[in-house]
Number of protein chains: 2
Amino acid sequence: MNRAAENRTPLPVPAAAARGGAWEREVVDFYIHLAQAFSLPKSVGAIFGVLFASPRPLSLDDIVERLSISKGSASAGLKLLQRVGAVQPTYEPGDRRTRYLPEMSIRRLLTGLLQETLTPHLRRGAEQLESLAPLLEEFPPEERKVLAARLRALNTWQSKAKRLLPFVLGFLGRPLRRAKAVDDDGRGP
Amino acid sequence: MNRAAENRTPLPVPAAAARGGAWEREVVDFYIHLAQAFSLPKSVGAIFGVLFASPRPLSLDDIVERLSISKGSASAGLKLLQRVGAVQPTYEPGDRRTRYLPEMSIRRLLTGLLQETLTPHLRRGAEQLESLAPLLEEFPPEERKVLAARLRALNTWQSKAKRLLPFVLGFLGRPLRRAKAVDDDGRGP
DNA sequence: AACGGTGTTCAGAAAATTCTGAACACTCTT
DNA sequence: AAGAGTGTTCAGAATTTTCTGAACACCGTT
């Protein structure tokens with residue numbers, strides 16, 4: 001259960017971090033902040049954090065205990081993380097509880113995240129844009145010209161945004177300096 | 001003051017949209033949704049929306065009136081939009097109020113947005129990562145190996161993220177099909 | 001078919017974010 | 001230097017998001 005780095009700081013516990021050793025606390029803290037950068041709930045960052053910090057997969061109850069959050073939160077958080085592909089459930093033969101592994105590949109992580117957050121909005125936007133042009137009829141020609149230009153810019157936007165995603169993923173997929181086709185996770189196939 | 005497309009739909013007003021014509025309402029609606037995709041306040045999207053929808057720059061009071069939001073909100077929203085470079089103040093000679101123009105270039109828009117939201121977190125993260133490695137000493141060699149690998153992956157992350165931004169901006173800067181060096185805004189130089 | 005273990009759901013509580021409105025600050029004009 | 005016009009600030013209100021905890025559903029085991 002890793003009590004190695006237990007009684008380290010007798011400090012007043014830094015906010016909403018984990019209980020374990022310094023390593024776990026720091027990692028959890030790191031991911032809490034990262035989560036907020038993407039405006040995801042802190043608990044989601046924290047959950048990914050404990051999984052990342054643990055040398056082996058953790059169960060829902062492990063997480064509840066280490067973060068002292070409710071089972072409800074942990075369950076919802078794990079569900080979200082699974083949906084975006086940030087964690088992977090593992091099923092061991094003689095064990096009834098599911099344990100979770102953190103996804104280490106940026107590509108997969110970002111793919112999932114963007115798919116979840118941005119893509120649906122882009123799609124919705126695209127539809128709405130089409131219905132916009134006719135409304136310009138209302139304007140006198142001079143103003144219409146200005147607004148039509150903006151509408152065109154907006155369409156350019158959309159096109160670029162759609163193309164951007166695969167582009168970014170391509171970039172992230174390629175290792176910094178060439179290596180075997182292992183992607184960048186620490187785990188096996 | 002563009003009353004051209006005024007009394008069009010005598011409908012029960014679709015939620016928190018603008019008051020003007022159908023064009024304005026639709027555009028505002030569009031940007032409200034877009035703002036939410038980036039988890040920015042609705043009001044911020046709405047403000048950018050009215051500016052985008054208007055053939056000429058609007059003042060703070062124009063915005064307050066058209067969106068029926070408080071001056072406080074409008075002021076704060078405009079400040080944010082200015083900070084991320086999404087709107088530009090224009091000062092006319094014989095007019096004391098500042099009027100605002102929407103920024104039409106994706107490059108500038110995204111640059112500002114990412115600068116505002118992601119970059120500070122990346123920086124903070126980088127510092128924290130360095131302090132993380134020593135904490136692994138606490139672990140038995142076997143576990144340490146696993147966790148060290150993850151830490152390396154995390155560093156790879158950071159590097160890639162840092163390089164990604166200019167990369168993305170480069171992509172957005174280039175026109176879809178070759179054209180003159182005009183960037184993609186509808187305005188003059 | 002009762003039971004223990006595991007995980008999900010959901011109504012209400014708690015916390016965080018956003019908005020309002022009125023007071024204030026600044027700057028021209030008279 | 002009083003006043004009008006423009007914009008900012010900020011304490012509290014309103015709204016939205018997140019979290020909790022207990023009830024419930026499911027699934028093997030006995």
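All chains are named by letter (A, B, ...) in the order of the sequence lines, taking the proteins before the strands, and each is independently numbered beginning at 1. Because only heavy atoms are used, hydrogens play no part in the values below, and waters and symmetry mates are left out as well, while side chains stay in.
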What I want to find out is whether B/Glu92 reaches B/Arg99 closely enough, with some N-O distance under 4.0 Å, to be called a salt bridge.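 Looking at B/Arg99 together with B/Glu92, the answer is no, because their closest N to O distance does not fall below 4.0 Å.
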
Whole-Å gap separating [atom2] ([N]) and [atom1] ([X]):
X: A/Ile63; N: C/dG7; atom1: CD1; atom2: P; result: 10 Å
X: B/Leu40; N: D/dT16; atom1: CG; atom2: C1'; result: 15 Å
X: B/Glu65; N: C/dT20; atom1: CD; atom2: P; result: 15 Å
X: A/Lys42; N: C/dA14; atom1: NZ; atom2: C1'; result: 12 Å
X: A/Phe38; N: D/dT18; atom1: CZ; atom2: P; result: 16 Å
X: A/Leu78; N: D/dC19; atom1: CG; atom2: P; result: 13 Å
X: A/Ile69; N: C/dG7; atom1: CD1; atom2: C1'; result: 14 Å
X: A/Asp61; N: C/dG4; atom1: CG; atom2: P; result: 17 Å

Let me spell it out: for each of B/Ala74 and A/Ser73, pick the nucleotide of DNA chain C with the closest heavy atom. Which residue's pick is nearer the 5' end?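 Taking each residue's closest nucleotide, the earlier one in sequence belongs to A/Ser73.
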
Of B/Gly72 and A/Gln82, whose nearest nucleotide on DNA chain C comes first from the 5' end?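 This one resolves to A/Gln82.
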
Is there a donor-acceptor contact under 3.5 Å from the side chain of A/Arg150 to the main chain of B/Phe52?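 Yes, because the side chain of A/Arg150 sits within donor-acceptor range (under 3.5 Å) of the backbone of B/Phe52.
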
Has A/Ser59 got a side-chain atom pairing as donor or acceptor with A/Asp62's backbone, closer than 3.5 angstrom?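 Pair found, side chain donor or acceptor close to backbone of A/Asp62.
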
Report which part of the nucleic acid [X] touches: base, sugar-phosphate, or nothing (heavy-atom distance under 4.0 Å, all strands).
X: B/Thr98; answer: sugar-phosphate
X: B/Lys71; answer: base
X: B/Ser43; answer: sugar-phosphate
X: B/Arg96; answer: base

Phosphate OP1/OP2 of C/dT8: any A/Ser75 side-chain N/O under 4.0 Å: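 A/Ser75 to C/dT8 OP1/OP2: side-chain N or O found under 4.0 Å.
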
Taking only the side-chain heavy atoms of A/Arg97 (C-beta and beyond), determine which of C/dT20, C/dG7, C/dT18 contains the nearest atom.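 The listed nucleotide nearest to A/Arg97's side chain is C/dG7.
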
Shortest side-chain distance from A/Ser70, nucleotide among D/dG21, C/dG21, D/dT9: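 Shortest atom-to-atom distance from the side chain points to D/dG21.
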
4.5 Å side-chain heavy-atom contact, B/Leu165 and B/Thr119: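 Side-chain contact under 4.5 Å: yes.
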
Check the surroundings of atom CZ in B/Arg124: do more than 12 heavy atoms from other residues, nucleotides or ligands lie under 6.0 Å from it?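 Yes.
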
